[in-house]
2 protein chains.
Amino acid sequence: MARVRRENGGRPKRPTMVDVAREARVALRTVSRVVNNDPTVGPEYVVKVEAAIAALNYRPDERARQLRTGVTGTIGAAVRRIAEANPELAAIERTAREAGLTLLAASTDFDETRERDILISMCRQRLDGIIVEPFGDNHAYLQPELDAGVPVVAMDRPMSGISVDCVMSDNAAGIGMAFHHLHQQGHRRIAFIGDSERVFSGRERAVAFRAALRAHGEAAEGLVHSGEITPERVAAALDTALRGPDPATALVTGNMDTTLAVLRHLGPQAASRLALVGFDEVPLGDLLQPALTVVAQQTSVIGRTAVELLRARIADPARPAQTVTVPVALKVRGSGEVGV
Amino acid sequence: MARVRRENGGRPKRPTMVDVAREARVALRTVSRVVNNDPTVGPEYVVKVEAAIAALNYRPDERARQLRTGVTGTIGAAVRRIAEANPELAAIERTAREAGLTLLAASTDFDETRERDILISMCRQRLDGIIVEPFGDNHAYLQPELDAGVPVVAMDRPMSGISVDCVMSDNAAGIGMAFHHLHQQGHRRIAFIGDSERVFSGRERAVAFRAALRAHGEAAEGLVHSGEITPERVAAALDTALRGPDPATALVTGNMDTTLAVLRHLGPQAASRLALVGFDEVPLGDLLQPALTVVAQQTSVIGRTAVELLRARIADPARPAQTVTVPVALKVRGSGEVGV
DNA sequence: ATGAAAGCGCTAACAC
DNA sequence: GTGTTAGCGCTTTCAT
């Protein structure tokens, strides 16, 4: 049974369709039909071929099939971090699987060069389509690929320099909800700490927060802090916001990393001294005391939509690019409901 | 420039090496050499070919290259869950990248059938090797693939029915550390709640815990609870352990999910009533009160080792299979240091 | 319904 | 140093 020919260096050589045809004494074409479950094959041939396949342990070579047919049945996902909790990626995988697609996932790792390498590599692999959570801020180099018909969908952030389908959360509405909630609880000095405004979502959220302040007639001075998420910068921002004659009594954090940095700086009871609403769910946020009130993104909707947009574009490369905005929801759990 | 031929249905056709050769008025072979940075090409040809490549927006087809050369430069990782925090997967990706390998990651999703589908699919894609965090308990169906020379490495758990390289944590030592630590703190009634003993790590850890009890002359009655991780079962196990005339004063949990279930059942201050040591880090465990004392696995060592074992096997298919055991470490943070 | 042969896009011998 | 040709393993006309 283990009739493996060895060639050079002890590396066994897998049997090919030709070997199966010879073993079964049928034509190559017949083996191909059996492998692809073509119903027009005589039952006796099916038996013979399947016996030969089993005897030789034949496995079709997917690469050759892909080369011949032109499609890979695989889509790529270039996300910023695989391997951290990534519910969007989970949703992409689930949706892709349901559609019979294989998923090739890679981390851009917050590195513009690496993002580019990954995307180019995916194009060279002739994947059926690519979902990207863009990081760099100039994706014009992808224009030739788009012209060549490579389907691309942006997730969480738009891409600059090219026009592609995009799905993302309603950042402005989320910030509005957070602000409004704290305002309703009676807070009048509400601060915001978020990501750098060079990052798309950081910018959108900071802008929305300033708009909320303005809408409620509050001044933004000393209340809006955006920049890199480092423990030092977050600590400094907190100190500024909480000091002075008129300190903030409530805080909105612009993303998960900021929320964690705030919690780590103030200690676990941060939220018993300060009303806190975070953008993004925090793992185990429900076990903290008080539990964390957050603006939650519908990550699985986003991931599923990304795949759906991609499939729609694969089916019709000519359809106009569209941007889908997914609503967010306020999860009231305690930390935002601390009195003034 | 955007000289894209369209054929059927508006799908553009990408130019091939032949097109580039024609455009540059050189032979196919020359284009191939330029693309592969062969130094023996005359500089004037390099210029001509690169101009043609740019003019046509040519991108080499990786599938054809792979088919011809026989190697894919890609390894597969079949893990139980992509998309949850998975530091081992992160380490695999990093190590693979450093070695110039692409990573194809897929979730087996705690589903034996799916695991099998994924592994077979990876074999059909002729990946250079496969890392699997095994879930099912009979992998004999992979024997033909192993015979055919497919390199496979098991991670976290051994595979049954076949002999492959394996890397995993020293489960017994970790349980020993947890028990010993609590015993040193003066606890004499130490309970254990863990995963089903049908799962390899659940079994190893339960067995090790019983051995620890025995070594300290304690009886196991009512103290060792293994089974499916559901809120109900964990609650029942807790009730049993904490009730009666001689209730447990300390608890060891067998994995992260159990730890979370315990925390959720007892409330966040669980550890102020009960000394608790968990197996596995818990995200944000350091922000709880008291912070969680855990047995931490060296996940990045495990992931890196998995790739290294795989590369060693790719290089030498004949080398004997080996199992690498990675030490674990006790992280003392507070929850295991609560008095009797 | 089955068989022979061409060809997907590339690399590797070999000749020039 | 460059061009010609065969062939990787499969699918797909086209004959039979």
Side-chain angles (χ1 to χ4, degrees), chain A residues 5 7-8 11-49 52-53 56-73 121 123-128 148, chain B residues 5 7-8 11-49 52-53 56-73 121 123-128 148:
Chain A
R5 280 177 312 179
E7 295 208 329
N8 41 3
R11 257 283 185 33
K13 188 192 176 307
R14 300 210 68 139
T16 75
M17 227 173 224
V18 180
D19 299 322
V20 176
R22 193 185 309 118
E23 175 86 10
R25 299 179 193 291
V26 297
L28 183 57
R29 175 79 180 96
T30 308
V31 179
S32 176
R33 302 183 106 159
V34 172
V35 167
N36 293 290
N37 299 313
D38 188 320
T40 72
V41 190
E44 72 254 30
Y45 286 84
V46 174
V47 172
K48 279 204 292 187
V49 170
I53 288 177
L56 298 176
N57 285 322
Y58 168 74
R59 297 286 177 275
D61 187 326
E62 186 61 22
R63 295 170 301 180
R65 208 191 65 79
Q66 288 177 10
L67 179 60
R68 185 61 235 242
T69 60
V71 294
T72 59
S121 160
C123 290
R124 290 173 63 132
Q125 292 188 64
R126 300 294 191 269
L127 298 187
D128 291 354
Chain B
R5 282 176 311 180
E7 295 208 328
N8 40 3
R11 258 285 185 35
K13 186 192 176 310
R14 299 208 71 138
T16 75
M17 227 173 221
V18 180
D19 299 321
V20 176
R22 192 185 310 118
E23 174 86 13
R25 300 179 193 290
V26 297
L28 182 58
R29 178 76 182 101
T30 307
V31 178
S32 174
R33 304 184 103 159
V34 171
V35 167
N36 292 289
N37 297 313
D38 187 321
T40 72
V41 187
E44 73 252 33
Y45 285 84
V46 174
V47 173
K48 279 205 292 187
V49 170
I53 288 177
L56 299 177
N57 284 324
Y58 167 73
R59 299 284 177 274
D61 188 324
E62 186 61 22
R63 298 170 299 181
R65 209 191 65 78
Q66 288 177 9
L67 179 60
R68 185 59 236 235
T69 60
V71 295
T72 58
S121 158
C123 290
R124 290 174 63 132
Q125 293 188 62
R126 301 292 191 269
L127 299 187
D128 292 353

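Residue numbers start from 1 in every chain, and the chains themselves are labelled A, B, ... in the order their sequence lines are given, proteins ahead of strands. A quick note: this is a predicted structure, and the numbers were derived from the prediction, not measured.
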Considering all heavy atoms, the nearest V35(B)-P60(B) contact: CG1-CG, 3.8 Å

Distance (rounded to the nearest 0.5 Å) between L127(B) CG and E62(A) CD: 10.5 Å

Sugar-phosphate only, base, or nothing, as touched by V18(B) at under 4.0 Å among non-hydrogen atoms: nothing

side-chain contact (heavy atoms from CB on, under 4.5 Å) partner of V41(B), chosen from V26(B), V34(B), V31(B): V34(B)

Any side-chain heavy-atom pair of D19(A) and R22(A) under 4.5 Å: yes

Value rounded to 0.5 Å, distance of CZ in R14(B) from SG in C123(A): 6.5 Å

Under 4.0 Å protein heavy-atom contact, by nucleotide of nucleotides 11-16 of chain D - B base, S sugar-phosphate only: BBB---

Bounds of contact between DNA chain C and chain A, in 5' to 3' order, using a heavy-atom cut-off under 4.0 Å: dA1(C) to dG9(C)

Residue whose nearest DNA chain D nucleotide is more 5′ - L67(B) or R25(B): R25(B)

Whole-Å gap separating C1' (dC10(D)) and CZ (R124(B)): 11 Å

Note, Q125(B) side chain near T72(B) side chain (heavy atom, < 4.5 Å): no

Within-4.5 Å side-chain heavy-atom neighbours: K48(B) and T30(B): no

Rounded distance [0.5 Å steps], CZ in R63(B) versus CZ in R68(A): 12.0 Å

Axial bend angle, the helix from dA1(C)-dT16(D) to dC16(C)-dG1(D): five-pair end segments, nearest 10°: 40°

Heavy-atom check, side chain of D61(A) versus side chain of T16(A), under 4.5 Å: no

Protein-nucleotide distance (D19(A), atom CG; dC8(D), atom P), rounded to Å: 10 Å

Distance, nearest 0.5 Å, that separates CZ of R124(A) from CZ of R59(B): 9.0 Å

Along DNA chain D (nearest heavy atom to each residue), the more 5'-positioned of G42(B) and R126(B): G42(B)

Approximate separation, where rounding is to 0.5 Å, of T69(A) OG1 and Q66(A) CD: 7.0 Å

